[in-house]
Number of protein chains: 2
Amino acid sequence: MLLSKACEHAVRATIYIGQQSSTEGRVSLKEIAMEIDAPEAFTAKILQQLVKKEIISSIQGPKGGFTMYKKSIRQIKLIDIIHTIDGNAFETKCVLGLKLCSELSPCPVHDQFKHIKKDYLNMLQKTNIQKMILGLEDGVSCLKI
Amino acid sequence: MLLSKACEHAVRATIYIGQQSSTEGRVSLKEIAMEIDAPEAFTAKILQQLVKKEIISSIQGPKGGFTMYKKSIRQIKLIDIIHTIDGNAFETKCVLGLKLCSELSPCPVHDQFKHIKKDYLNMLQKTNIQKMILGLEDGVSCLKI
DNA sequence: AGTTAATCGGATAATTTTATCCGATATCTA
DNA sequence: TAGATATCGGATAAAATTATCCGATTAACT
């Protein structure tokens, strides 16, 4: 699988928070978990990591919740969420698990995966939250089902 | 990560068995595990699955071991190993974990991942064992370090 | 036929990932 | 200032993945 389950939740949550921040205001953990159909407590842990990395921001107390700055909605990319939750193993680790794998000392599938990984990474680095929100606003895409 | 650890072992093992089959004869579990630097008992379990799917073949008893038919070395593709060990989740499951995700009802990153996944799948379907052996023979690539 | 050396296959253990629980902390409202 | 309601953060539990163990089975060799 490309993303861990935690990272799937993280991306869906960030998209939801981003969308709600641009129309409504802050949203509560309960609402987020409900709207992205993810377990509440697990989602809480994931959101904490995103807050620490300043991808989203949180407000404590009653009427608290999570929100996302307009600037972040433009600037935060898919790769930032993935780095926060899953780390950078995709970019650094050999596909076949070899300790040493590089252009000079490649694994047997290095060349085949090179282009795929480059295109994938490129897409992750270009896709911002704003872009992912677009389909939601139109009612074309969905976060729940 | 793209492949599970079990699948990484499976691909490395299959490449090694394929290479040895085309030069030497059959190889033992012990030798395979050593040469691909994977735990022996875990490798055994993985090889069993590959045997059941007829990707490799096994001979019991003393002087037994694992081997691969010349025909298989040409015909078996990366995708076959992945299907055996990791299943077809990559092709069927939504990147964001949505139960329903298709052209008509896409998730917010469906379009972005569409091309990546298509290219990736295409490569997996084209890359056969023979191709992956090539670099090994030349001493360019390696399975161990 | 008996011994030895190999894989097979089912049970079990260790580790990682996913998920939950609950007291501590912050902050809004009355 | 007291009470209610939200996130924070550390501990714990459940599930999945990774890994091991060991007796059963198979087959070569003496």
Side-chain angles (χ1 to χ4, degrees), chain A residues 1-14 17 20-21 24-34 36-68 82 84-87 89 93 96-97, chain B residues 1-14 17 20-21 24-34 36-68 82 84-87 89 93 96-97:
Chain A
M1 210 49 40
L2 295 176
L3 309 178
S4 72
K5 213 160 195 178
C7 197
E8 291 176 8
H9 296 332
V11 174
R12 296 209 310 283
T14 306
I17 295 166
Q20 292 298 303
S21 296
E24 315 293 318
R26 60 189 69 168
V27 280
S28 71
L29 166 64
K30 194 186 285 284
E31 178 182 337
I32 296 165
M34 173 114 69
I36 68 171
D37 190 31
E40 201 175 307
F42 191 33
T43 304
K45 287 288 177 227
I46 294 163
L47 294 184
Q48 272 179 35
Q49 296 182 67
L50 296 173
V51 169
K52 201 171 294 174
K53 274 283 192 74
E54 298 186 320
I55 287 172
I56 58 178
S57 67
S58 69
I59 304 100
Q60 285 195 355
K63 301 275 173 185
F66 298 87
T67 188
M68 199 167 182
I82 294 174
T84 303
I85 309 297
D86 286 346
K93 256 199 67 182
L96 295 188
Chain B
M1 210 50 41
L2 295 177
L3 309 178
S4 72
K5 214 159 193 178
C7 197
E8 291 176 7
H9 295 332
V11 174
R12 296 209 310 282
T14 306
I17 295 167
Q20 292 300 303
S21 298
E24 315 293 318
R26 61 191 67 167
V27 280
S28 71
L29 167 64
K30 194 185 285 284
E31 179 182 337
I32 296 165
M34 174 115 69
I36 68 171
D37 191 32
E40 200 174 308
F42 191 32
T43 305
K45 287 287 176 231
I46 292 164
L47 294 184
Q48 273 180 32
Q49 296 183 67
L50 296 173
V51 168
K52 201 171 293 173
K53 275 282 191 74
E54 299 184 319
I55 287 172
I56 57 178
S57 68
S58 69
I59 305 100
Q60 284 195 357
K63 302 274 172 187
F66 298 87
T67 189
M68 199 167 180
I82 294 173
T84 302
I85 308 297
D86 286 347
K93 257 199 66 183
L96 294 188

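In what follows, every chain begins at residue 1, and chains take the letters A, B, ... in the order their sequences are listed. Atom set for the values below is all heavy atoms of this structure, side chains included, hydrogens, waters and symmetry mates excluded.
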Open item on the list: Between A:Ser58 and D:dA6, is there a contact of a side-chain N or O with OP1 or OP2 at under 4.0 Å?
Closed with: no
Open item on the list: Between A:Ser28 and D:dT5, is there a contact of a side-chain N or O with OP1 or OP2 at under 4.0 Å?
Closed with: no
What is the distance from atom [atom1] of [X] to atom [atom2] of [Y], rounded to the nearest 0.5 Å?
X: B:Ile55; Y: B:Thr14; atom1: CD1; atom2: OG1; value: 6.5 Å
X: B:Cys7; Y: B:Ile82; atom1: SG; atom2: CD1; value: 5.0 Å
X: A:Phe66; Y: A:Ile32; atom1: CZ; atom2: CD1; value: 5.5 Å

Picking from [options], which would you name as closest to the side chain of [X]?
X: A:Lys5; options: D:dT18, D:dT7, C:dT18; answer: C:dT18
X: B:Phe42; options: D:dA4, C:dT18, D:dT18; answer: D:dT18
X: B:Lys63; options: D:dC29, C:dT7, C:dT20; answer: D:dC29
X: A:Gln48; options: D:dG9, D:dA19, C:dT7; answer: D:dG9
X: B:Gln60; options: C:dT18, C:dT27, C:dT7; answer: C:dT7
X: A:His9; options: C:dA19, C:dT20, D:dT18; answer: C:dA19
X: A:Pro62; options: C:dT27, D:dA6, D:dT20; answer: C:dT27
X: B:Phe66; options: C:dC8, D:dA6, C:dA5; answer: C:dC8

Provide, to the nearest angstrom, the distance between the [atom1] atom belonging to [X] and the [atom2] atom belonging to [N].
X: B:Met1; N: C:dT16; atom1: CE; atom2: C1'; value: 13 Å
X: A:Ile46; N: C:dT20; atom1: CD1; atom2: C1'; value: 13 Å
X: A:Arg26; N: C:dA26; atom1: CZ; atom2: C1'; value: 13 Å
X: B:Lys52; N: C:dC8; atom1: NZ; atom2: C1'; value: 9 Å
X: A:Ile32; N: D:dA6; atom1: CD1; atom2: C1'; value: 12 Å
X: A:Gln49; N: C:dA19; atom1: CD; atom2: P; value: 13 Å
X: A:Leu47; N: D:dG9; atom1: CG; atom2: P; value: 13 Å
X: A:Ile56; N: D:dA6; atom1: CD1; atom2: P; value: 17 Å

Task: Any donor-acceptor pair under 3.5 Å from B:Asp86 side chain to B:Ser4 backbone - done: yes
TODO: Could you say whether B:Asp86 or A:Val51 is positioned toward the 5' end of DNA chain D, judged by the nucleotide with the nearest heavy atom to each?
DONE: A:Val51
TODO: Enumerate the residue pairs fulfilling salt bridge (charged side-chain N to carboxylate O under 4.0 Å, His left out) with a member in residues 45-54 of chain A, sequence neighbours excluded, ordered by first and then second residue.
DONE: none
Open item on the list: Just to be sure I understand the rule, does A:Ile59 reach a base, reach only the sugar-phosphate, or reach nothing, if contact means heavy atoms closer than 4.0 Å?
Closed with: sugar-phosphate
TODO: Remember a base hit wins even if backbone is also touched, and classify A:Lys45 as base, sugar-phosphate or nothing at under 4.0 Å, heavy atoms.
DONE: base
TODO: Pick out which of A:Ser21, A:Ser58, A:Ser57 makes a side-chain hydrogen bond (donor to acceptor under 3.5 Å, both in side chains) with A:Thr67.
DONE: A:Ser21
